[in-house]
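Worksheet for the structure shown next.
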There are 2 protein chains.
Amino acid sequence: MTNPEKSAGVKDIAQALKISLGTVDRALHDRPGVSPKTRDLVLKTAQQLGYSPNLAAQALKLNRRLSVAAVLPKHISHFFDPLREGIRYAAGAAVGVNLSLEFFEYPRLGSGDIEAFRRATQKQFDGVIFLPGDARKYEPLVKKAAQDGIATMCVGSDAPNTERIGSVSAHASVSGAIAAELLSQNLTSKAEVAIFTGELSTLDHVEKLRGFAAALAVIAPHLTLRPALESHERPREAYRQALEVMKEKARPSGIYISTANSMPVLKALDELSLLGKVKVVTTDLFRELVPLIESGMVLATLYQRPFTQGKVALENLLLHLLRDRKPQPILQLAPHVIFRTNLCLFETRVGTSQDEDIEAELQTQ
Amino acid sequence: MTNPEKSAGVKDIAQALKISLGTVDRALHDRPGVSPKTRDLVLKTAQQLGYSPNLAAQALKLNRRLSVAAVLPKHISHFFDPLREGIRYAAGAAVGVNLSLEFFEYPRLGSGDIEAFRRATQKQFDGVIFLPGDARKYEPLVKKAAQDGIATMCVGSDAPNTERIGSVSAHASVSGAIAAELLSQNLTSKAEVAIFTGELSTLDHVEKLRGFAAALAVIAPHLTLRPALESHERPREAYRQALEVMKEKARPSGIYISTANSMPVLKALDELSLLGKVKVVTTDLFRELVPLIESGMVLATLYQRPFTQGKVALENLLLHLLRDRKPQPILQLAPHVIFRTNLCLFETRVGTSQDEDIEAELQTQ
DNA sequence: TGACCCTCCGGGCACGTTACCGTTAGGCTC
DNA sequence: GAGCCTAACGGTAACGTGCCCGGAGGGTCA
């Protein structure tokens, strides 16, 4: 009877104490209608018998329905498409819950994002996944959502000091630090390095810059960092800045592009015939980048694992909504360092996300 | 009624066709007792209504019990302990199945492994997870297990051309290739490099050697590879070999240690005061390695993600046992490249596995 | 003393699926 | 044509849990 091997259920406790199932259920779930002494007795016996609820039966009975919205930009698709795929994957793998997903899209970060978030939170979703671009602007909105009982989960970047239930992103400052270390390994003599960043109102980008600068100072004193170049995610701006800085006589010997929008900078380098001469570390992976890494024109890229970010974000949001177990407030994934030699393991995911093999996705998550 | 939003169940199909639940169930599961035309009708309607079975109800009714054995060595604990943790984690996360896990241990690879595997397969487990050291020797045993209806899953290395249902490991040849690329980046002038390997009867180690040699030939023609040093996982042998080769006048400038047993070689380097002078790339992560990476004595280590390997191995084994869905025959994880700058993300797992925070484990999986 | 309330507890139904058993129609043999 | 067999199908209990309803017991007040 008291077999520790097999986990006991409600019925076992009821039989052991010769009381009804209803009483055991009330005691275990802290519902009213049980005397304190009976309650303690049940809890003690549950502990003793090693009670663990049958999750399948629980899920069947509860038949929970959850609605989750994901508010993400269309641009940059090579990052956000796999992120959405990760969310869909986690939704498909969620067992014991009737989950309805709705995707809200807006053109790009900073244009329409706030409005889309507001639209999403006006409908009564149980949870919302979103990317806080300018974290400040989201503060009142997240607060309001929390008051309305909507759980918000950040992905891609964080919005600290808000009521969000958690955040999932690649570890930004470590990304920056790795870039610094790679450049320091490949630039042995005294030289200058430059960083091209996206939007410094986004926490993620600030952290990358911080990590890069800090690591340079510690492990690469022979490299000096130029003032950061902020493109505000505008391709033409990035292109112009790159041309300007690389035409200088004392041009940088190493470059870290911390935004996924790296093509304009690479295009400028190509036109100046500097590809391969200047050491370049980029961020994320997309089709146009593949041949540049293969040929060694780009030293390495720091892969932010968008698929996993989406997957983990929804998994933790569901964990929060289903049980009252709080997830880690801040979850920061280890970025993958992609060189030409391990590029082949990640290439499967640069195609159209439609045709991608999910199994392959999971190998590198 | 035919609401495409909400997934239909067995009852919906039965109602739509005005037949009984039993018939629908038989038709959907290809069980006998249904006429072909009724079966086709049911399948067609299921497709049309968007039938998806309620997994919770299914699991509750079936109440499946599975027993799985994991046959793994005690040594090297910093690799196999987290691997076992990963298996335990996946077992805990498995919902809707009464899973009983049993661990079989033996001292080390090559001593007692075959016997332990034989002992495990004599009991009637549903599945066995194991590490094929000398793959040849396992061939008849795996065949016998398959005949007895035991599903076998390789982890850490593969046993090709056997009846195993799949294998999970870090991508070995890519690991070797990354090591070659790292050394080539850090050794710019003409030099020699050496590889210390474990057991060349293990496929995983052969693949690392192949990947290393091939990548050297392609991207680092200035580096020449010495004959591989095989320690057979004996610390004293590795130490002796390292001392011998590093005392030579024309000693190697770069070293790749492809086995997790790297301390004897590092000890020899330390005694010869060569740490920091010789570029070293190691495999896996453990406590003694941390300060060496932090201080730059070791350039990088290739982390084989044992936790994830164990997790994925059991997940796929269960997938095979529960549904008849065949997993990918060979699953090769992308190894993590750990430098001093991203070391902090992995440090949580070098302590005793008991105290480890599972959440932290999952961040870097 | 009877009507009423409150606390505590037992009993039973429902969730969606599967396994088992009972029933019927139709074909077969002698 | 009676008896029998089998394929095809209907009906239903049961899996373990959550939740509601109602009943028993004790106390209070008119």
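Model, not experiment: these values are computed from the prediction. Protein chains get the first letters and strands the later ones, always in sequence-line order, with residue 1 at the start of each. For the numbers below, each heavy atom of this structure counts, side chains included, while hydrogens, waters and symmetry mates do not.
- Rounded to whole Å, the distance from CZ on R39(B) to C1' on dA7(D) is 15 Å.
- For the pair T38(B) and dC9(D), the criterion of a side-chain N or O lying under 4.0 Å from OP1 or OP2 is met.
- R26(A) contributes a side-chain N or O that forms a donor-acceptor pair with the base of dG10(C) under 3.5 Å.
- Phosphate contact (OP1/OP2 of dC9(C), side-chain N/O of S35(A), threshold under 4.0 Å): present.
- Whole-Å rounding puts the L28(A) CG to dC19(D) C1' distance at 14 Å.
- Each of A57(B) and D25(A) was assigned the nucleotide of DNA chain D with the nearest heavy atom; the assignment lying further toward the 5' end belongs to A57(B).
- Of the listed nucleotides (dT17(C), dG18(D), dA8(D)), dG18(D) has the atom at the smallest distance from the side chain of Q58(A).
- Heavy-atom distances to DNA chain C give each of G33(A) and K11(B) a nearest nucleotide, and the one nearer the 5′ end belongs to G33(A).
- For the pair R64(B) CZ and dA14(D) P, the computed distance is 22 Å after rounding to whole Å.
- Rounded to whole Å, atom P of dT12(D) lies 11 Å from atom CG of L21(B).
- Of the listed nucleotides (dT17(D), dA19(C), dG16(D)), dA19(C) has the atom at the smallest distance from the side chain of R31(B).
- Annotation: side chain of Y51(B) is in contact with side chain of I13(B) (closest heavy-atom distance under 4.5 Å).
- Rounded to whole Å, atom P of dC15(D) lies 15 Å from atom CG of N98(B).
- Across the protein-nucleic acid pair, K18(B) atom NZ and dG11(D) atom P stand 14 Å apart, rounded to whole Å.
- Within the nucleic acid shown, L62(A) comes within 4.0 Å of sugar-phosphate atoms alone, with no base atom in reach, counting heavy atoms only.
- The separation between K61(B) atom NZ and dT18(C) atom P is 10 Å, rounded to whole Å.
- Each of Y51(B) and K37(A) lies near DNA chain C, and the nucleotide nearest K37(A) is the one positioned closer to the 5' end.
- Within the 4.5 Å cutoff, the side chain of T121(B) has no heavy atoms near those of the K144(B) side chain.
- Contact annotation: the side chain of V128(A) never approaches that of F104(A) to less than 4.5 Å [non-hydrogen atoms, C-beta and beyond].
- Where V34(B) and H29(A) each meet DNA chain D at their nearest nucleotide, the meeting point lying more 5' is that of V34(B).
- Atom-to-atom distance recorded for F79(B):CZ and L131(B):CG is 7.5 Å, nearest 0.5 angstrom.
- For the pair N63(A) CG and dC19(D) P, the computed distance is 12 Å after rounding to whole Å.
- Counting non-hydrogen atoms of other residues, nucleotides and ligands closer than 6.0 Å to CD of Q47(A) gives a total of 12 or fewer.
- Contact check for I87(A) versus V155(A): no side-chain heavy atoms found under the 4.5 Å cut-off.
- Minimum atom distance to the side chain of P53(A) is reached by dT17(D), of the listed dC15(C), dT18(C), dT17(D).
- Among the nucleotides dG10(C), dC15(D), dG16(C), the one closest to any side-chain atom of S20(A) is dG10(C).
- Across all strands shown, N54(B) has heavy atoms under 4.0 Å from sugar-phosphate atoms exclusively, and none from any base.
- Not one side-chain nitrogen or oxygen of T23(A) sits closer than 4.0 Å to the OP1 or OP2 atom of dC9(C).
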